[in-house]
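See below for the structure under consideration.
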Amino acid sequence: MGGISSRIALGLAAVVAAFFVLAGTAYAGAVIQTDPVEYTFLPGPYVQGLGETATLDNSVSENWHDVVATKNGPDGKPLFSAPLARGGETKVVQGTQYLAAGTYHFICSFHGAGMSGDLTIDGSSGSASPRPSVKLTFPAQSLKQVRKSGVKVKIKATTASSKVKVTAKAGKVTLGTSRALDFTAGQSKTVNLPLTKAGRKAIARPKSVQIKLSAAVPYGKSASASRKVK
Ligand SMILES: [Cu+2]
């Protein structure tokens, strides 16, 4: 232990660390740390560049904690969040890669507003990941076809989007729902939403049905389309 080579290694590590501090822009995403004992976050500051993803470091704590932004994003859900981490765990804070420059308040939803902090996005570094976005198209199809194989939907992602959920409704009745769909930027998929039992019943008799599609896009705006199917 403590030989010359390990001292050199330590010295080099110190030089590298000093370089990153001096350079000032070499963020790898903020690491939000929890107190080992108290129900608090360490004071930070928590700063990262545009487009970077923060992590919740709960590794030294024995308690359960999460991270939830106090402001909502375009999907009506928190701008960013990390799921509940048990003591010893580290979790990704999803949504931070889409943030514009600014300071964003967050809390631990498990312990309430008393456990809070701020995440600052430094606008002079990097570029924000484009928010997920999709376009929905409702291809021509007959009611007979829908009864047989479900509602046919075309989804095109303008930017990378994941866990997109498409729902088809007739009035208040849900006809069918897609699984969580993942897309790379520019990718499109045509899927059939299998009919629910209630959906099957709702479209069994009418000669035409107005069907409304909506796509819920995590961290992005929802999309919609509708068509009268005969
Ligand atoms: Cu907590």
Side-chain angles (χ1 to χ4, degrees), residues 13-14 16-18 20-21 23-133 159-165 167 177 179-183 215-222:
V16 169
F20 280 116
V21 168
T25 52
Y27 307 117
V31 179
I32 298 167
Q33 290 174 302
T34 54
D35 188 277
V37 187
E38 305 293 327
Y39 297 156
T40 56
F41 293 106
L42 295 186
Y46 300 116
V47 184
Q48 67 181 34
L50 295 162
E52 295 187 338
T53 304
T55 49
L56 163 62
D57 177 6
N58 198 35
S59 60
V60 295
S61 170
E62 290 179 355
N63 304 308
W64 291 79
H65 299 295
D66 65 12
V67 165
V68 179
T70 51
K71 278 191 180 162
N72 285 347
D75 59 350
K77 295 190 174 139
L79 269 172
F80 55 89
S81 65
L84 203 53
R86 70 168 72 227
E89 282 186 333
T90 294
K91 299 275 183 186
V92 172
V93 188
Q94 278 299 341
T96 50
Q97 67 270 43
Y98 308 122
L99 295 173
T103 296
Y104 301 88
H105 198 58
F106 60 83
I107 61 165
C108 165
S109 72
F110 198 55
H111 292 111
M115 182 169 178
S116 69
D118 290 302
L119 173 66
T120 297
I121 310 297
D122 177 356
S124 69
S125 162
S127 57
S129 299
R131 281 199 178 270
S133 61
T159 56
S161 304
S162 54
K163 294 180 180 166
V164 175
K165 222 174 157 186
T167 305
T177 307
R179 289 175 296 121
L181 303 164
D182 297 329
F183 300 85
V217 185
Y219 304 108
K221 283 183 191 158
S222 57

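Bear in mind that the values here come from a model prediction, so they are computed numbers and not experimental data. Remember, it's 1-based here, ligands and their atoms both numbered in the order they're listed. In what follows, residues are counted from 1 in the order of the sequence shown.
Side-chain contact annotation: Asp57 with Ser59, donor-acceptor N/O pair under 3.5 Å present.
Taking Pro36 as the reference, Val60 meet the side chain to side chain contact (heavy atoms under 4.5 Å, CB included) condition, with sequence neighbours excluded.
Of the angles at the Cu ion (ligand 1), the one spanning SG of Cys108 and SD of Met115 is 100° when given to 10°.
Here the N, O or S atom of His111 that is nearest to the Cu ion (ligand 1) is ND1. Note on His65: its N/O/S atom closest to the Cu ion (ligand 1) is ND1.
Among residues at least two apart or in separate chains, ring pair (Phe, Tyr, Trp, His ring centres under 6.0 Å) pairs with a member in residues 107-133 are Tyr39-His111, His65-His111.
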Decide yes or no on side-chain hydrogen bond (donor to acceptor under 3.5 Å, both in side chains) for Thr103 and Asp118, but give the supporting numbers first.
CA-CA 6 Å; Thr103 296; Asp118 290 302; over 6 Å; no
